[in-house]
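Since this is a predicted model, take the numbers as computed values, not measurements. By convention in this document, chain letters (A, B, ...) are assigned in the order of the sequence lines, proteins followed by strands, and residues within each chain are numbered from 1.
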Amino acid sequence: MNQTHNIAELKNVLEAALLTSQGPLSLDDMTRLFSERMERATLRMLLDELKQDWANRTMELVQIATGYRFQARVEYATFLTRLNPEKQSKYSRVVMETLAIIAYRQPVTRGDIEEIRGVAVNPNVMRQLQERDWIDVVGQRDVPGRPSLYATTKHFLDDLNLRSLAELPAMEDFVQQEIPLDT
Amino acid sequence: MNQTHNIAELKNVLEAALLTSQGPLSLDDMTRLFSERMERATLRMLLDELKQDWANRTMELVQIATGYRFQARVEYATFLTRLNPEKQSKYSRVVMETLAIIAYRQPVTRGDIEEIRGVAVNPNVMRQLQERDWIDVVGQRDVPGRPSLYATTKHFLDDLNLRSLAELPAMEDFVQQEIPLDT
Amino acid sequence: MTEALITKDPINAKIKGEVFTTLPQDLYIPPDALEVYLEAFEGPLDLLLYLIRKHNLNILDIPMADLTRQYMQYVEKMQSIKLELAGDYLLMSAMLIEIKSRMLLPKPAEIKSEDDPRAELVRRLMEYEAIKLAAQRLDEMPKVGEDILVASAYYQHISEMKPPEVSLEDLTEAWRNVLKRASHFKNHKVSRAELSVREHMSIILRRLKTDKMVEFSDLFDVVQDGIPKLVVCFLAILELAREGLLRITQQVAFSPIYVQINGTD
């Protein structure tokens, strides 16, 4: 079975690939599945159908930054996390605040982060985020010392179930009431 | 949804767990999924049903030594393999030098190659190049033992994107009068 | 909700057996507890924000002179490892004192809001506050490996080993190495012409392997091949004969010349 002959069979190949893949599959990845030529429009149509087929089932086909993946519907998470109780340890507030600054203000230097947080940034914090592959260096600012500019990665978007940064909650949502100057 | 109330929902939890688990799940693992007590007999019954549900689909639920897992039916394996082609290793130095000698000095016998390289040629080396269809035997030298004469094939030229051996870089320190091949 | 989020970390400092759960209003922090306070807050902005939002503290009401004096004492007592962190608080104290002193100066008749020295601090505080909330939101969002479980069913990996790629450079590099090591080849040069001859030697041998005996003239395609190729072909036959690989026979003068592989009958 090297040639695929009908829609159902093409969809099955995609389903098998998406259910077994270690990471998200891009459209390019998926075209490689087939020996014959596959149009991206056809792929998108098949993926749409596949998504429909799974609409009321345990897994959902989602599109994220780097491609498509099947993931368990959120209502099963409570069951499934019982299998691996040793959860990934939560990041400290410093790490999460640094991540938020990079996510919302990117690209930023360590100096920018220190300016916003009012405290020096421990290099260890940056390292943690880089090791998780959530941030990386995208360039240097053209000022003395040429400090590194940090930005979030596509992997960060994937891990947070987002297709793009625009899907992050809007910054305006977090702005609180004005601090009064005269009381 | 911490309590599960019907067979369908129990099966869904098992399905989600088996599809997202990194490895096979044992019956013990699966009992941990549920907050309420779960008999092994019930689990086996549910797994049997799940197996039936997937009978004509892309994955099959199989039992192996360490537990249960979903795996893509074997007919999809050829497609999935295309996603992760195995890393190609490089030819060893012996293989490359043997190939070079055959290309530049053909037709040659194994004895010729040994004389040039100063070491015995492992028959395995010749076999690798023959299996690749890059060299073949074009005759025997009329000496005792009638050793095979090796030459490069047309397939070798194709793979290296050459029209003829004359397109191989010449190893000359000075420009010799060339016999033009195309006039 | 805002308040709940901002005061997520309760202050729980124990000083000489006495438990402190709220910040003293005079902001005096006993040196023993300094570390605990510093850990409870992410920095001077965080501390200030807490005081403003939780205790409705007016930025200008902070007794800055006292505060600064206390900080100076901490810095002296603290080990060098914590100096950097204390420095951030010290810097903030200096900033507050500067603001306060500017506010105490006689005001011009009309003060525009952007000239208010506190405006920049308020901007920074509010930006930090928003980032802090954004960080909490990011922390709460479902993530792969935590509450998002990605499909990873098994498939049988069929080994479809692709053979190694070889480039022209790989090949010539290998040949160069051979020449480098083989001393008797040291002065050997391979020209393109020679390569063509050797290629034709292989071609002729291949032909004779299937056709056994070929008439000499049939080895030349005078219609298709140009003179140079015919010459190369002839040189190849001569070279094969010299190496004893061919047998060239002619029964009588002017009869056809036959070529066959040496050793075949």
Chain C heavy atoms under 4.5 Å from [X]: which part of the residue, side chain, backbone, both or neither?
X	result
Leu168(A)	side chain
Arg73(A)	neither
Asp158(A)	backbone
Glu172(A)	neither
Val74(A)	neither
Leu162(A)	side chain

Chain C contacts: which residues in residues 55-69 of chain A have a non-hydrogen atom closer than 4.5 Å to it? Met59(A), Arg69(A)

Non-hydrogen atoms of chain A under 4.5 Å away: do they reach the side chain of Ile148(C), the backbone, both or neither?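 The side chain, not the backbone.
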
Under 3.5 Å: donor-acceptor pair, side chain of Arg124(C), backbone of Glu115(A): yes

Using a strict cut-off of less than 4.0 Å between a Lys/Arg side-chain nitrogen and an Asp/Glu carboxylate oxygen, indicate whether [X] and [Y] qualify as a salt bridge.
X	Y	result
Arg93(A)	Asp46(C)	yes
Glu97(A)	Lys132(C)	no
Arg123(C)	Glu178(A)	no

Do [X] and [Y] touch side chain to side chain, with heavy atoms closer than 4.5 Å?
X	Y	result
Phe156(A)	Lys143(C)	no
Gln136(C)	Met96(A)	no
Arg117(A)	Leu45(C)	no

Who passes salt bridge (Lys or Arg N to Asp or Glu O under 4.0 Å) against Asp28(A), sequence neighbours left out?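 Listed in chain order: Arg40(A).
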
Partners meeting salt bridge (Lys or Arg N to Asp or Glu O under 4.0 Å) with Asp142(A) (sequence neighbours left out):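 Only Arg146(A) meet the salt bridge (Lys or Arg N to Asp or Glu O under 4.0 Å) criterion with Asp142(A).
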
Distance in Å, Phe70(A) CZ paired with Leu149(C) CG, rounded so as to fall on 0.5 Å steps: 15.0 Å

Rounded at 0.5 Å granularity, tell me how far OH in Tyr154(C) sits from CG in Leu19(A).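 Here the interatomic distance stands at 16.0 Å.
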
So which heavy atom on [X] is nearest to which on [Y], and how close?
X	Y	value
Asp147(C)	Ala77(A)	O-CB, 3.4 Å
Phe174(A)	Leu133(C)	O-CD1, 3.4 Å
Glu146(C)	Thr81(A)	O-CG2, 3.2 Å
Met126(C)	Gln176(A)	CE-O, 3.0 Å

Test log, rule side chain to side chain contact (heavy atoms under 4.5 Å, CB included), inputs Met171(A) and Ile131(C): CA-CA 8 Å; Met171(A) 196 62 191; Ile131(C) 283 295; 3.5 Å; yes

Partners of Thr152(A) by side-chain hydrogen bond (donor to acceptor under 3.5 Å, both in side chains), sequence neighbours excluded?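 Checked Thr152(A) against side-chain hydrogen bond (donor to acceptor under 3.5 Å, both in side chains); matches are Gln106(A).
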
Of the options Asp159(A), Leu160(A), Asn161(A), which is the one that meets Met141(C) in a side-chain contact (heavy atoms from CB on, under 4.5 Å)?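 Only one option passes, and that is Leu160(A).
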
Test Val94(A) against Glu42(C) for side chain to side chain contact (heavy atoms under 4.5 Å, CB included), laying out the working first. CA-CA 7 Å; Val94(A) 197; Glu42(C) 286 296 329; 3.1 Å; yes

